[in-house]
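Below is one structure, written out as structure tokens; the observations come after it.
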Amino acid sequence: MQAKRIQFLFLSFLVLLKYPSHARNIDDEDVKRSHFPDGFFFGTSTSSYQVEGAYMEDGKGLNNWDVFSHIPGNIKNNDNGDIADNHYYRFLEDIELMCSLGTNAYRFSISWTRILPRGKFGQVNPRGIMFYNKLIDNLLERGIKPFVTIHHHDIPQELVDRYGGWLSPLMQEDFVYFAEICFKSFGDRIKNWITINEPNLLVDMSYITGWYPPAHCSPPFGNCSAGNSDIEPPIAMHNMILGHAKAVKLYREHFQLKQGGSIGIVGMTKYFEPLRDNEIDRQAVSRALAFTNAWLFDPLVYGDYPAEMRLYLGSALPTFSPEEINYVKGSLDFIGMNFYTSLYAKDCIHSACISGWDSPIRGFVYTTGERDGEPIGGRCGIPGFFVVPEGMEKIVNYMKERYNNMPMFVTENGFSPPQQNDQVQVLLQDTNRVDFHRSYLAALARAIRNGADVRGYFVWSLIDNFEWIEGYSQRFGLYYVDRRTLERVPKLSAKWYKKFLANGTIDHSNEEDFTTRSFGNTNATTLGSEASKSAI
Ligand code: NOJ
């Protein structure tokens, strides 16, 4: 008993040492950078297709999103990423924005077809290598650590045409081939690699609902011209998991020791609350967590899919051979979590549910953002996203418990406002985004205070960008991007993040305060050129 008490006192003392007194009761209003451990990474995040543009320039080949977005009707307003934010040409200016914010990390992805225009069926494009070299070198020169995602949704169209992309096991080797070129070309300077972004989101959007390329689905999920929503998602997921694990194996055997980096994956994470206060919905919550988060992370940590998935999917869920288990299990140095929202979960085994949710691929769980017409949190521009800050603490705790508190990064967290208002003034006065980040950061700080090993937080996104099927209608950026001039204009949230990162020590009193400035009839073009001259 006495020994236990001494142990407890000693542990409490350690916690006190690590976290200053004001970190012990963190509410949204006073969350500060100093609530986070020393060496914590604060960054912003983007992905190649969403910001780069230059879609056919300097030798880049066509990818699946180039092709998909050019088919009328696929993307809101028929937008596409041909020009996007022209980051390919404006990356130096974008690095200036990062410096102005005071971030110490930047997460971006490498365009597969900029490096390998035809996948492994063609040559390496030296101009693609050159672009990322310049980006990386300039980031490092400015003290910003690059976190690099190797594959973020865009795959060479050549591989789609040849064998249907991620549905084919052949993709595993294609991915490893691409990853090896990345390790060889950039690995001397990259200390944090992310193999794939959100495989669990991708299989849902590409093979269950069919909203993303290759637009595969079957009723009742949708009426696509090809696909099977029950069968294809686990196959594509399996190929991505094996592709990831093989790339990690290669990195560990040939590069890690010399280059000294670490490697992980990023999953789409969601937290769930029971829709009704009963046992069957609490069980639905645990199934939803398994079918969303653990589908990806369980194999990579433990070498197999969650037991609930085996139970409900049966033979539709592929198995790992003993040899595969050897390299799949433990194939993560860290967990990357994109976290935006929590939802309610309702049981569909014992209760009646809308068609589709009562299916094995959904784990017999209906998920929704509303209970009796009341949203679970503030509404966002993306229909399935709600502002639920406490979900951040809960998901981090869930991952901490389930995966033995392995190092974690929040690789994306962000907000796009509902009812897009095209008035620039309103978009720049994004108090809702400031509240969002402040409250999610406070929740994250609480989870860290309680022992979670989270090492970084990345805002999605640095700049407004191409939001996949939503086109440019959703604006997640800390910086507004004028769609005509592509000039970047700081929003209130950029100013807030800057101040937060400086621990509140920035005095804006002698700067022009765009939060109170009246834009009157000023149009976006004028604003863009004025504001971008001075960053913030
Ligand atoms: C996650 C994805 O990784 C990113 O590409 C997307 O833009 C954001 N979520 C917002 O939906």
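Just so you know, ligand 1 is whichever comes first in the structure, and atom 1 is the first atom listed for that ligand. Bear in mind that the values here come from a model prediction, so they are computed numbers and not experimental data.
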Tell me, yes or no, whether the heavy-atom count around W211 atom CH2, taken from other residues, nucleotides or ligands under 6.0 Å, exceeds 12.
->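 Result for CH2/W211: open.
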Which one of Y440, Y340, Y457 satisfies the side chain to side chain donor-acceptor pair (under 3.5 Å) criterion with N413?
->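 Of the listed options, the one satisfying the test is Y457.
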Cation-pi check, R475 to F415: give yes when NZ or CZ is under 6.0 Å from the six-membered ring centre and within 45° of the ring axis, no otherwise.
->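 The answer is no; the distance or angle limit is not met.
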Quick one: list whatever passes side-chain contact (heavy atoms from CB on, under 4.5 Å) with A215, sequence neighbours left out.
->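 A215 satisfies side-chain contact (heavy atoms from CB on, under 4.5 Å) with F68 only.
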Summary of salt bridge (Lys or Arg N to Asp or Glu O under 4.0 Å) pairs that have at least one residue in residues 405-415, sequence neighbours excluded |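 Of all non-adjacent pairs touching residues 405-415, those that pass salt bridge (Lys or Arg N to Asp or Glu O under 4.0 Å) are R107-E412.
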Sequence neighbours left out, what pairs pass salt bridge (Lys or Arg N to Asp or Glu O under 4.0 Å) with at least one residue falling in residues 287-300?
->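 Non-adjacent pairs meeting salt bridge (Lys or Arg N to Asp or Glu O under 4.0 Å): R287-D347, D298-R402.
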Return a table of N or O atom pairs, ligand 1 on one side and protein on the other, at distances under 3.5 Å, rounded to 0.1 Å.
from     : atom 1 : to   : atom 2 : distance (Å)
ligand 1 : 3 (O)  : H152 : NE2    : 3.1
ligand 1 : 3 (O)  : N197 : ND2    : 2.9
ligand 1 : 3 (O)  : E412 : OE1    : 3.3
ligand 1 : 3 (O)  : E412 : OE2    : 2.7
ligand 1 : 5 (O)  : Q50  : OE1    : 2.7
ligand 1 : 5 (O)  : H152 : NE2    : 2.9
ligand 1 : 5 (O)  : W468 : NE1    : 2.8
ligand 1 : 7 (O)  : Q50  : NE2    : 2.9
ligand 1 : 7 (O)  : W460 : NE1    : 3.3
ligand 1 : 7 (O)  : E467 : OE1    : 2.6
ligand 1 : 9 (N)  : Y340 : OH     : 3.4
ligand 1 : 9 (N)  : E412 : OE1    : 3.2
ligand 1 : 11 (O) : E467 : OE2    : 2.6

